Amino acid sequence: MAELHDLTALEQARKIRSGELSPVELTEHYLARIERLDDTLGAFLTRTPDIARKQAADAESEAAAARREGRELPPLHGVPVPVKDLNQVAGVRCTMGSRALAEHVPTVDDHVVGKLRAGGTILLGKTNTPEFGLPCYTENGLAPPARTPWDLARSAGGSSGGSAAAVAGGLAPVAHASDGGGSVRIPASVCGLFGIKPSRGRISGGPLLHDVSGLATSGPLARTVADAATLLDVLAGAMPGDPFAAPSLPPGETFADHALRDPGRLRIACLTEAPVPGIEVHPDCRTATTETAALLTGLGHEVEELTLPADESVLLAFTRVWSVLAASRPVPPGREELLMPLTRYLRDRGAEVSGTDFTRSLYAFRMLAQSLADGLMPPGGYDVILSPTLAAPPAEVGALRNDADPQAEFDALGAFTPFTALYNATGQPAVNVPLQWNAEGLPIGVMLAGRYGDEATLIALSAQLEQARPWAGRTPPVW
C-alpha cells in the first residue's frame, strides 16, 4: 500500500483541498520519518516540530473553511516545505552552516519565507548546508554530513545537500533550496531529483542579504517537474528593493501550466566538453548526456553538438566574486577562528580583491551573458543547451574536502562542477533532469539551460522528457 510520502506534493495538496487528507496527518507522517532517518541522511540542521504542528492545524482549519465557502487555496496549501538554513525564518535558529552563527536567531523572515507562509506551507525545519553555502558538499561542524539516499557513503552534494537529502529520502515532498554556483543542480544531480535554478531576479533574495553580484537565487527541489514548477510559482516574484527582476509570465499563466504543455520542436545544442581548461568529464556523465540527446532527437527536436571555447578568464572572475561574497558574510567579532579552513581561505582571498577587480569581474559576467544572448541563443539560434550537470558521479563523503590545503580543495570543487556556474554568471535559468543512473545505481543528472527569463520552455521540455522516461517511481533503499 502506498504511503503518504509516495504521493507527489501536488497529489497531497489536492487531497488536502478535497478533505481526503489532513495537513496534521501529513505533517506528523513527515515528522516521524525525520525522527527516524535524519541522523542517517543529515538533512536538517534545525527541526521545528512545534511550528510545523501549529501551522498544520491552522492549514487544516483554513482548508475546511475554504471548502465551506467555495474559496480557492494556494497550490501547495498544507504541504510541508523545509527551508535551507542560508535563509532566515523569524524566531528560528539560522546558522548558515557555521559554528560561528550557531546561536543566531533572526527576528525577520526573508521574502521567500514570507511567500511560503502566505502559500500555507508547513515548516518542518531548516535544512543542512555547508558553511555560508560555499562548497559543493554539505559538511560542517554542526551536524552529520548530508548523504545521498542512493548510497549513504556518498555526499548529497551542496550547498543545498540537506534539502536534496530530505526530498530524495522521503523526509519532505519538496524543498526550498538556493544556487550561487550550482547549489540546486548539484545536489539534484547526485540525489536523483529535478531542480530549477531560476533566472536572475525571478525570486527575491531580500530583504537583508541581497546578492548584488547576481550569482545566487533561491529555487525548488522536487521529485517531479510539476511539483518543482508549482513551488517556483509560490516563490517567484520581485519585491521592493530587489536589484534585479526577471520578466513576468503573461497574465494568468503559471509555471505549473507549462509542465502540462508541449514544448514544440526546439533547437538544442549538446555540450559534452567542459568550458573550463583541463577538466576531464567522466564517461558516465558523457553517456548520460549523449543518451539524453538521442532521446530528445527521438522526441522530434533538432540536436547539434556544440563546443564552447575553454576560457580561464570567466573562472578567474567567478573566483574573485565568490571570494568577495565569502568575505562579506557577517561573522560576530571574535568568532572567525570557528570558521572552516576553506571559508577562512576564501575570506582572506576576497579581502584582497580590489573594488576595480570586483567590478571588472561583474562586467565579465555581463559580457558573457551578452555574447550568449547575441551569438548562441538569439531568436533563430538555440533554444536550449544540454550538458552534463557534473563532471563526475556522486563523490564520497569527505572526498572533496581538504582542510589541510583549501586552495587544492577549491580547485577540486571546480573540477567537479565545471558546467554549473556558467549560468549563475549569465543569470540564465538552468535545470537538472534526473534521467540517468549508472551501472552502480547512482543518479547521473543532465542539465538544460535556456534563454534568460525563459524557465517556461525548460519546464515544458523537462516534463516531456519525464513523460517519455519517468523517474519519480524510482526510489532509494531508505524510501
Side-chain angles (χ1 to χ4, degrees), residues 84 136-138 146 148-150 154-161 163-168 174-199 217-229 231-232 255 259 268 270-272 274 281-282 284-289 291-293 295-296 384-395 416-424 428-438 442-450 455 457-466 469-472 474:
K84 185 176 175 180
C136 60
Y137 55 75
T138 299
T148 176
W150 295 94
R154 296 178 187 264
S155 170
S159 64
S160 304
S163 295
V167 177
V174 291
H176 162 269
S178 60
D179 191 315
S183 292
V184 165
R185 294 157 289 157
I186 296 162
S189 179
V190 302
C191 291
L193 300 174
F194 183 73
I196 304 174
K197 184 208 86 71
S199 296
T217 176
S218 288
L221 279 168
R223 291 166 53 217
T224 71
V225 175
D227 280 359
L231 182 52
L232 179 59
F255 290 112
I268 300 172
C270 180
L271 176 69
T272 56
V281 179
H282 192 280
D284 287 349
C285 302
R286 287 181 181 274
T287 298
T289 305
E291 288 187 0
T292 302
L295 177 58
L296 288 164
V384 172
I385 300 174
L386 163 70
S387 74
T389 300
L390 299 171
F416 187 59
T417 63
F419 296 95
T420 54
L422 172 65
Y423 303 113
N424 298 91
Q428 294 169 248
V431 302
N432 177 78
V433 187
L435 284 171
Q436 314 287 345
W437 272 253
N438 68 6
L442 298 172
I444 306 292
V446 295
M447 185 164 59
L448 302 173
E455 290 93 329
T457 294
L458 297 181
I459 288 167
L461 180 59
S462 298
Q464 184 185 52
L465 289 168
E466 182 181 30
R469 190 177 293 174
W471 59 72
R474 186 167 185 163

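Just so it is clear, the values below take in all heavy atoms, side chains as well, and ignore hydrogens, waters and symmetry mates. For clarity, every value in this text was computed on a predicted model and none was experimentally measured.
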Inset, instruction - Could you tell me which residues satisfy ring pair (Phe, Tyr, Trp, His ring centres under 6.0 Å) with Trp471, sequence neighbours excluded, listed by chain and number? - result: none
Inset, instruction - Ignoring hydrogens and angles, state whether a donor on the side chain of Lys84 or Ser163 is under 3.5 Å from an acceptor on the partner side chain. - result: no
Legend entry - Tyr423 side chain near Pro429 side chain, heavy-atom distance below 4.5 Å: no
Inset, instruction - Could you tell me which non-hydrogen atom of Ala463 sits nearest to which non-hydrogen atom of Ala259, and how far apart they are? - result: CB-O, 3.3 Å
Inset, instruction - Could you tell me which non-hydrogen atom of Gly445 sits nearest to which non-hydrogen atom of Ser189, and how far apart they are? - result: N-OG, 3.0 Å
Legend entry - Close side-chain approach of Thr272 and Val281, heavy atoms under 4.5 Å: no
Inset, instruction - Give the minimum heavy-atom separation between Ser155 and Val190, together with the two atoms involved. - result: O-CG2, 3.8 Å
Legend entry - Non-hydrogen side-chain atoms of Val225 and Val431 separated by less than 4.5 Å: no
Inset, instruction - Work out which heavy atom in Ala222 is nearest to a heavy atom in Ala228; give both atom names and the distance. - result: CB-N, 3.6 Å
Legend entry - Validation row: Thr289, Arg286 side chains within 4.5 angstrom (heavy atoms): no
Legend entry - Distance in Å, His282 NE2 paired with Thr287 OG1, rounded so as to fall on 0.5 Å steps: 9.5 Å
Legend entry - Rounded distance [0.5 Å steps], CG in Leu390 versus SG in Cys136: 7.5 Å
Legend entry - Spacing of CZ belonging to Phe419 relative to CG belonging to Leu386, to within rounding of 0.5 Å: 10.0 Å
Legend entry - Student check: side-chain heavy atoms of Cys285 and Ile444 closer than 4.5 Å: yes
Inset, instruction - Would you check if Val184 and Leu221 make a side-chain contact, meaning some heavy-atom pair closer than 4.5 Å? - result: yes
Inset, instruction - Quick one: closest heavy-atom pair of Ala165 and Pro149, and the distance? - result: O-CG, 4.0 Å
Legend entry - Leu461 side, atom CG; Leu448 side, atom CG - distance, nearest 0.5 Å: 5.5 Å
Legend entry - Pairwise distance CD1(Ile268) to CG(Leu296) - rounded to 0.5 angstrom: 4.5 Å
Legend entry - Under 3.5 Å donor-acceptor, Thr217 side chain and Pro198 backbone: no
Legend entry - Closest non-hydrogen atom pair between Gly158 and Ile186, with its separation: O-CB, 3.6 Å
Inset, instruction - Would you confirm whether Ser199, through its side chain, and Gln428, through its main-chain N or O, come within 3.5 Å as a donor-acceptor pair? - result: no
Legend entry - Sub-4.5 Å side-chain heavy-atom contact between Arg469 and Leu295: yes
Inset, instruction - Verify whether one side chain among Thr292 and Gln436 offers a donor that lies under 3.5 Å from an acceptor in the other. - result: yes
Legend entry - Short side-chain to backbone donor-acceptor contact, Ser183 and Ser160, under 3.5 Å: no
Legend entry - Atom pair CG (Leu231) and CD1 (Ile196), whose distance is rounded to the nearest 0.5 Å: 8.5 Å
Inset, instruction - Could you tell me whether the side chain of Asn432 and the main chain of Leu193 form a donor-acceptor pair under 3.5 Å? - result: yes
Legend entry - Student check: side-chain heavy atoms of Phe194 and Ser462 closer than 4.5 Å: yes
Inset, instruction - Return the set of residues passing salt bridge (charged side-chain N to carboxylate O under 4.0 Å, His left out) with Asp179 (not counting sequence neighbours), or none when no residue passes. - result: Arg185
Legend entry - Thr389 side chain to Met447 backbone, donor-acceptor under 3.5 Å: yes
